[in-house]
Trainee: 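Pasting a structure here, questions to come.
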Amino acid sequence: MKLPDKTTTLEAAVARIPHGATVMLGGFGVPGTPFTLIQELLRQGQRGLTLIKNDANETGMGVDHLLAAGQVARLITTHIGLNAHAIELMNSGRIDVEFCAQGILAERIRAGGAGLGAILTDIAAETELAAHKQRVEIDGKSLVVETALRADVALIHANSTDPFGNLDYVATARNFNPLMAMAAERVIVEAERLLPFGTLAADDVHTPGPFVDHVVELGALSEEYAIVRR
């Protein structure tokens, strides 16, 4: 059986994202953040977006470009402490921010990819993070209902891909990208290297191709990645 070739242009891939979409963005700080896809999303100008990302990057980088352009309505994240602009937007009410503990964010995404409706946890149960959330009692213990997270689109960054979308990641880029690739209706990947079919050994594949819809080869590191690496 011949596997389909999912490679496409950057412009065509991002054009599939509609206004008002919920978009997962991979990354753990800089590693694994799809900076090139974000830049194209900025250029095309889709608005009213809900972003799900571990962090808001730093001021002047990645997610901050979308915030500055007014394209983001809501952000679901673990922290925005490195981005003073994001903090100012939240405090002034210009974006809605939902915080959750880092492990809980990862687990909510994992649950979404696994087809679950929610998870139960006592993490942050006695803090404002759990305010107004549903509770259930099991064996006399009050647990918070944390709803699973899914997205219309996931934008992720991989180290290598083949044309079918079998992916590998480097280091902490594996923290959120594999989970998000399972939890979105459409998955768009930017990859630093496009390899021929059969080049990636089975044990080196971190996200199997059936989860991926579109592959964009970077050919070279994005400008922001290059700056950080230098």
Side-chain angles (χ1 to χ4, degrees), residues 10 13-109 112 123-124 127-133 144 146-157 172-173 175-177 179-180 183-186 188 190 222-225 227-228:
L10 178 65
V14 175
R16 293 177 169 90
I17 302 173
H19 294 287
T22 296
V23 181
M24 289 183 175
L25 297 173
F28 194 71
V30 169
T33 294
F35 288 115
T36 302
L37 291 171
I38 290 172
Q39 283 291 336
E40 181 60 20
L41 188 59
L42 174 69
R43 188 189 72 82
Q44 293 191 17
Q46 289 89 330
R47 305 184 73 82
L49 301 173
T50 293
L51 301 184
I52 301 172
K53 193 179 188 303
N54 178 61
D55 52 85
N57 293 123
E58 298 178 35
T59 305
M61 176 182 287
V63 169
D64 190 54
H65 297 309
L66 301 176
L67 295 173
Q71 292 173 243
V72 181
R74 187 166 183 245
L75 179 62
I76 301 174
T77 188
T78 70
H79 71 93
I80 59 175
L82 298 178
N83 190 329
H85 182 222
I87 294 171
E88 191 275 328
L89 289 174
M90 178 186 69
N91 288 339
S92 64
R94 284 181 282 172
I95 62 168
D96 176 47
V97 179
E98 178 185 344
F99 291 106
C100 55
Q102 193 169 77
I104 297 302
L105 179 65
E107 186 66 6
R108 290 176 70 189
I109 296 168
I123 300 297
T127 73
E128 61 185 85
L129 294 181
H132 311 300
K133 292 187 176 180
V144 179
E146 294 279 6
T147 55
L149 291 173
R150 287 194 60 84
D152 301 305
V153 182
L155 304 182
I156 62 180
H157 177 96
T172 53
N175 286 9
F176 282 93
N177 279 301
L179 298 176
M180 291 180 173
E185 298 303 315
R186 186 183 299 273
I188 303 173
E190 64 172 53
S222 70
E223 181 180 352
E224 287 179 310
Y225 261 114
I227 290 170
V228 170

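Bear in mind the structure is a predicted one, so any value in this text is a computation, not a measurement. Atoms considered below: every heavy atom in the structure, side chains included; atoms not considered: hydrogens, waters and symmetry mates.
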Trainee: For residues N83 and L67, determine if any side-chain heavy atom of one lies less than 4.5 Å from a side-chain heavy atom of the other.
Mentor: yes

Trainee: Report the residues that fulfil side-chain contact (heavy atoms from CB on, under 4.5 Å) with H132, sequence neighbours left out, ordered by chain and then residue number.
Mentor: none

Trainee: Go through the steps for Q102 and F28 under the test side chain to side chain contact (heavy atoms under 4.5 Å, CB included), then give the verdict.
Mentor: CA-CA 11 Å; Q102 193 169 77; F28 194 71; 3.6 Å; yes

Trainee: How many angstroms lie between atom CE of M90 and atom CD1 of I80, to the nearest 0.5 angstrom?
Mentor: 4.0 Å

Trainee: Rounded at 0.5 Å granularity, tell me how far OG1 in T22 sits from CG in L149.
Mentor: 9.5 Å

Trainee: Please determine, by modelled atom types, if N54 and T78 share a side-chain donor-acceptor pair under 3.5 angstrom.
Mentor: yes

Trainee: Suppose we screen for side-chain contact (heavy atoms from CB on, under 4.5 Å). Which residues come up paired with A148, at least two apart in sequence or across chains?
Mentor: A111

Trainee: Any side-chain heavy atom of L105 within less than 4.5 Å of one from T77?
Mentor: no

Trainee: Roughly how far apart are K53 NZ and I109 CD1, rounded to 0.5 Å?
Mentor: 10.5 Å

Trainee: At what distance, to the nearest 0.5 angstrom, does CG of N57 lie from CG of L66?
Mentor: 9.5 Å

Trainee: Are V23 and D152 packed together at the side-chain level, in the sense that at least one heavy-atom pair is separated by less than 4.5 angstrom?
Mentor: no

Trainee: Taking side-chain contact (heavy atoms from CB on, under 4.5 Å) as the test, write out the residues that go with A68, two or more places apart.
Mentor: H85

